[in-house]
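I have placed the structure first, in the form of structure tokens, so that the comments after it can refer back to it.
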2 protein chains.
Amino acid sequence: MLDQSNRSHPCGNCAFYKDSIWQPVSSSCVSVLSRGFLRRDLTAGQPLYYQDDDNRGVFCVSKGLIALRTQHHDGTSTLMRLAYPGEIIGFRSFLESRPHRTEARALVGSRVCTVAQRDARHVVQGNPSVLTRLASRCIKEIDRNHERIIAAATTSNKQRLSDILLRLMETHGERTGQFLHMQLPLSRSDLADLIGVQTETVSRLFTRIQADGIFRVSGREIQMLSVPSNKQSANM
Amino acid sequence: MLDQSNRSHPCGNCAFYKDSIWQPVSSSCVSVLSRGFLRRDLTAGQPLYYQDDDNRGVFCVSKGLIALRTQHHDGTSTLMRLAYPGEIIGFRSFLESRPHRTEARALVGSRVCTVAQRDARHVVQGNPSVLTRLASRCIKEIDRNHERIIAAATTSNKQRLSDILLRLMETHGERTGQFLHMQLPLSRSDLADLIGVQTETVSRLFTRIQADGIFRVSGREIQMLSVPSNKQSANM
DNA sequence: CGTCACGTTGAGCGACCTCAAAATCCGTGG
DNA sequence: CCACGGATTTTGAGGTCGCTCAACGTGACG
């Protein structure tokens, strides 16, 4: 049995330690990491950083769910990404030393670990493999964006909303007998910003999704038949 | 006057030498670069690599225009990116050592420089700054994708098509008196795959764009009043 | 001269938008 | 415990845009 944890490393107790971008690093850098390390708990709705803020470090979602939004000049906004546990956020502004282009806000109670900017730079400089792993996270983000662009072009809004529910259920759902259920961590207008439609349309999409019999929706309470038998792929 | 060129470096004569990701590198690596370097001219329509091909190196567009497409299972495809001169392509599969997820194909006569995979890895390993610059190109790609997602959510298809014409005109247009004109390097169905509509819709969008008086369109011949007086921002 | 790829045009339909109003949820204070 | 106000969500009516299907034009090429 391998010991997956490591007491001296600040990420040593994290469920995502084995995939941490900060691991492995030279032993001298472990103490630098520990010095610049901050574990922070956010309540639902609490911001981590705002659009146009200067970068303060590299953030890792340890638990919960973080929304990355960008505000537009006309007052509307787009939800660019939902960051799930184990994911890194804020890396663009860190790597490019520029202000954040999105706002990060917890959607549910969350824990976020930060490595302060100065110390993160120090560790990156001394450990090329950290940069390689950061680049890998960049590419994951590119892949996610490509999937989203492709989905927008090839998949109906109804299907995309179903897919989002499915993904959320995977992480946030609780099993009760034959059903999974959850409190939806997003408002109708968040979902609208995510799939690129109006809030009224989201409401109507929920009605249509419910009619297919896999989901039951009541406000933010979502119930789902587990093992949805892939019947939804038959819908357009 | 600084000498922007460098005879011993394979990118030394390139217009984009000063922004090359392969520059600066240690002098010992310059010869490795030269060894793995291949300058290649592509005719319009010629492929550089196919989807699912193994990575053969890092490619840099020296001149021309390269389309990056992904094919879907149902036979449709999406044009993910137009790569302009000075841009790097194929970096995802290089950095992740995985097959290409897009097909790269020249839209007009183009020149592409390749650093062979083995040598590129050698140079990256010996020069951390190369990896930093590659990461920077990754982030540029993320920024482009974000802009595209935001544009899809906030801008009309007509406006987005205009924006594409404007961008192409910038690089490919030739001035004749008061007008810029070009041979459109993309078919109607390429444009459709780029903005996510049907080819018939592209045709109708051209009709409507033309009605605004800035562009004249006849098949692939596009004419534009230069300095378009930003009137198009009035259109929705 | 036929063929084939490409582009345009038309008709009918469905999805989403806008504007408006009603219903529901939720926290706060009486 | 209940009433109130604000935010959120749902529902309705009517309009617009893009989709589908189909026909037709055009130009390149054998």
Closest to the B/Ser203 side chain, choosing from C/dT9, D/dT10, D/dC19: C/dT9
Aromatic ring pairing B/His100/B/Tyr49, orientation class (parallel under 30°, perpendicular over 60°, tilted between): parallel
Length of the CZ-C1' vector between A/Arg208 and C/dG14, whole Å: 10 Å
A/Thr201 side-chain N/O to C/dA15 phosphate OP1/OP2 under 4.0 Å: no
Selection from C/dT8, D/dT10, D/dG18 that lies nearest to any side-chain heavy atom of B/Arg188: C/dT8
Nearest to side-chain heavy atoms of B/Glu200, which nucleotide of D/dT20, C/dC16, C/dG7: D/dT20
N/O donor-acceptor pair under 3.5 Å between B/Thr114 side chain and B/Phe59 backbone: no
Trace of the side chain to side chain donor-acceptor pair (under 3.5 Å) decision for B/Arg148 with B/Asn145: CA-CA 5 Å; B/Arg148 177 162 171 176; B/Asn145 290 158; over 6 Å; no
Among D/dT8, C/dG7, D/dT20, the nucleotide that comes nearest once only the side chain of B/Gln198 is considered: D/dT20
Minimum-distance nucleotide (side-chain atoms of B/Arg204 versus C/dC16, C/dA11, C/dG7): C/dA11
Test: B/Arg216 cationic atom under 6.0 Å from B/Phe179 six-membered ring centre, within 45° of axis: no
Between P of C/dG7 and CZ of B/Phe206, the distance in whole Å: 9 Å
Spacing between B/Asp190 atom CG and C/dA5 atom P, to the nearest angstrom: 15 Å
Rounded interatomic separation in angstrom, taking CD from B/Gln159 and P from D/dC17: 15 Å
Of residues 147-155 of chain A, the positions that come close to DNA chain D - non-hydrogen atoms, cut-off under 4.0 Å: none
Given DNA chain C, 5'-ward residue of the pair A/Leu205 and A/Ser218, judged by closest heavy atom: A/Leu205
Nearest-Å distance for atom pair CZ/C1', residues A/Arg220 and D/dT10: 15 Å
A/Val197, nearest nucleotide to its side chain (from D/dT11, D/dC19, C/dC16): C/dC16
A/Ile209 CD1 - D/dT9 C1' separation (whole Å): 15 Å
Donor-acceptor side-chain pairing of B/Thr43 and B/Gln46 below 3.5 angstrom: yes
d(CG, A/Leu186; P, D/dA7) in whole Å: 20 Å
B/Thr76 side chain near B/Asp193 side chain, heavy-atom distance below 4.5 Å: no
Nearest-angstrom distance from the residue atom CD of A/Gln210 to C1' of D/dT9: 13 Å
Side-chain heavy-atom pair B/Ile195, B/Thr201 within 4.5 angstrom cut-off: no
D/dG18 phosphate, OP1 or OP2, under 4.0 Å from B/Asn157 side-chain N/O: yes
